[in-house]
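Quantities reported herein were computed from a predicted structural model and do not represent experimental measurements. Computed over heavy atoms, backbone and side chain alike; hydrogens, waters and symmetry mates excluded. Residue indices begin at 1 and follow the sequence shown.
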Amino acid sequence: MNVDVLARPAEEVAPRLLGSVLTCTTPEGTVSIAITETEAYSGTADPASHAYRGRTPRNAVMFGPAGHLYVYRSHGLHWCANVVTGTAGIASAVLIRAGRVIEGEDLARKRRGEKVESPRLARGPGNFCQALGVTGEHDGADLLAGTSVVLSAGESAPAALIQVGPRVGVSKAHDWQHRFYLAGDPTVSAYRLSPRAKPSTGA
């Protein structure tokens with residue numbers, strides 16, 4: 001993966017990450033997941049972004065440089081992984097929502113549960129991180145430097161299969177068309193409107 005691909009606005013990078021592969025190596029072993037669903041978050045211009053109100057110790061990684069991993073805890077329960085994009089100093093990131101395990105499925109299933117079906121191993125951002133083995137310890141990891149978490153190009157997703165829609169489960173700017181996914185792929189999560197969502201306008 002070339003940093004130039006990531007040094008663009010999140011909404012441009014998000015569809016280009018479909019088909020790319022995230023690989024995480026831990027003492028348990030290695031798991032690789034091909035990305036099938038993403039969401040773009042545009043920083044201080046995006047009411048749903050963690051960086052909407054500016055830089056904090058929690059969201060500092062979002063401000064760049066591009067190519068790093070921003071990891072946060074959702075509702076105190078699940079880790080969620082984001083690929084930092086754009087220009088250094090301007091917050092921008094792509095949430096990885098779902099993927100297909102292509103290496104280390106036995107380890108991914110051990111982490112997720114022996115009875116979990118293959119398409120559900122990395123469906124949803126929390127499940128994705130659990131299957132991959134990503135935690136808060138990986139926040140800030142350089143995805144292009146060959147560290148324990150690596151982003152590689154993988155196979156480009158056919159343009160005809162890329163679908164666009166509103167983001168899942170957010171209460172602000174929920175109707176922005178910043179969710180990208182592969183049509184018909186069984187690993188893609190179901191759309192869910194937040195019960196706290198209110199009408200909004202924007203991108």
Sequence neighbours excluded and cut-off under 3.5 Å, please list the side-chain donor-acceptor pairs for residues 64-71, or say none.
from  : atom 1 : to     : atom 2 : distance (Å)
His68 : ND1    : Gly140 : O      : 2.9
Tyr70 : OH     : His50  : ND1    : 2.7

Donor-acceptor pairs are to be reported for all side-chain atoms of residues 90-103 against protein atoms at under 3.5 Å, with residues two or more places apart or in another chain.
from   : atom 1 : to     : atom 2 : distance (Å)
Ser92  : OG     : Ala10  : N      : 3.2
Ser92  : OG     : Thr85  : OG1    : 2.6
Arg97  : NE     : Glu37  : OE2    : 3.1
Arg97  : NE     : Ser189 : OG     : 3.4
Arg97  : NH2    : Ser189 : OG     : 3.1
Glu103 : OE1    : Ser32  : OG     : 3.0

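Residues Ala14 and Thr38 share a closest heavy-atom pair of O-OG1, 3.0 Å. Shortest non-hydrogen contact noted between Arg179 and Pro166 is CD-O, 3.3 Å. Closest of all the heavy-atom pairs between Val168 and Ala190 is CG1-O, 4.2 Å. Residues Ala131 and Arg112 come closest through the heavy atom pair CB-CG, 4.0 Å. Pairing each heavy atom of Ser20 with each of Met1, the nearest pair is OG-CE, 3.3 Å. Taking all atoms of both residues into account, the shortest heavy-atom contact from Arg16 to Glu12 is CG-O, 3.4 Å.
Side-chain polar atoms of Ser118 and Arg109 form a donor-acceptor pair below 3.5 angstrom. No donor-acceptor contact under 3.5 angstrom links the side chains of Thr25 and Ser148, judged on distance only.
For the pair Val150/Leu22, no side-chain contact is recorded, criterion being any heavy-atom separation below 4.5 Å from C-beta on. For the pair Phe180/Leu18, a side-chain contact is recorded, criterion being any heavy-atom separation below 4.5 Å from C-beta on. Counting only heavy atoms from C-beta outward, the side chains of Pro47 and Trp176 approach each other to under 4.5 Å. With a 4.5 Å cut-off on side-chain heavy atoms, Gln130 and Trp79 do not count as touching.
Within the model, atoms CZ of Arg55 and OG1 of Thr44 stand 12.0 Å from one another, a figure rounded to the nearest 0.5 Å. Taken to the nearest 0.5 Å, the CG atom of Asn127 stands 10.0 Å off from the CD1 atom of Ile33. Rounded to the nearest 0.5 angstrom, Thr135 OG1 and His78 NE2 are separated by 15.0 Å. Taking CG from Leu151 and CG from Leu6, the interatomic distance works out to 6.0 Å, rounded to the nearest 0.5 Å. For the atom pair CE (Met62) and OG (Ser49), the distance works out to 3.5 Å, reported to the nearest 0.5 Å. Note that the CD atom of Gln163 and the CG atom of Leu182 stand 9.0 Å from one another [nearest 0.5 Å].
In terms of modelled atom types and a separation under 3.5 Å, the side chain of Arg111 and the main chain of Leu121 share no donor-acceptor contact. Counting only distance, with no hydrogens or angles, the side chain of Asp139 and the backbone of Gly136 share no donor-acceptor pair below 3.5 Å. Judged purely by atom type and a 3.5 angstrom limit, Thr26 has no side-chain atom pairing as donor or acceptor with the backbone of Gly133. Proximity of a side-chain donor or acceptor of Thr56 to a complementary backbone N or O of Asn59 within less than 3.5 Å is detected.
A side chain to side chain contact (heavy atoms under 4.5 Å, CB included) with Tyr181 is found for one member of Val188, Ile35, Thr187 and no other, namely Val188.
Cluster membership for Val116 and Leu132, using ILVMFWY side-chain heavy atoms within less than 4.5 angstrom, is shared. Criterion: ILVMFWY side-chain heavy atoms under 4.5 Å apart, direct or through other members. Under it, Val3 and Leu143 are part of a common hydrophobic cluster. The hydrophobic clustering, which links ILVMFWY residues whose side-chain heavy atoms are closer than 4.5 Å, places Phe128 and Val13 together. When the side chains of ILVMFWY residues are joined at heavy-atom separations under 4.5 Å, either directly or via intervening members, Leu144 and Val134 end up in a single hydrophobic cluster. Leu17 and Tyr41 fall into different hydrophobic clusters, where Ile, Leu, Val, Met, Phe, Trp and Tyr residues are linked whenever their side-chain heavy atoms come under 4.5 Å apart, directly or through other members.
Judged by the 6.0 Å distance and 45° axis criteria, Arg167 is not positioned over the aromatic ring of Tyr191.
When the shell of 6.0 Å around CD of Glu137 is examined, it contains 12 or fewer heavy atoms from other residues, nucleotides or ligands.
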Decide yes or no on side-chain contact (heavy atoms from CB on, under 4.5 Å) for His178 and Glu39, but give the supporting numbers first. CA-CA 6 Å; His178 282 188; Glu39 283 180 348; 5.7 Å; no
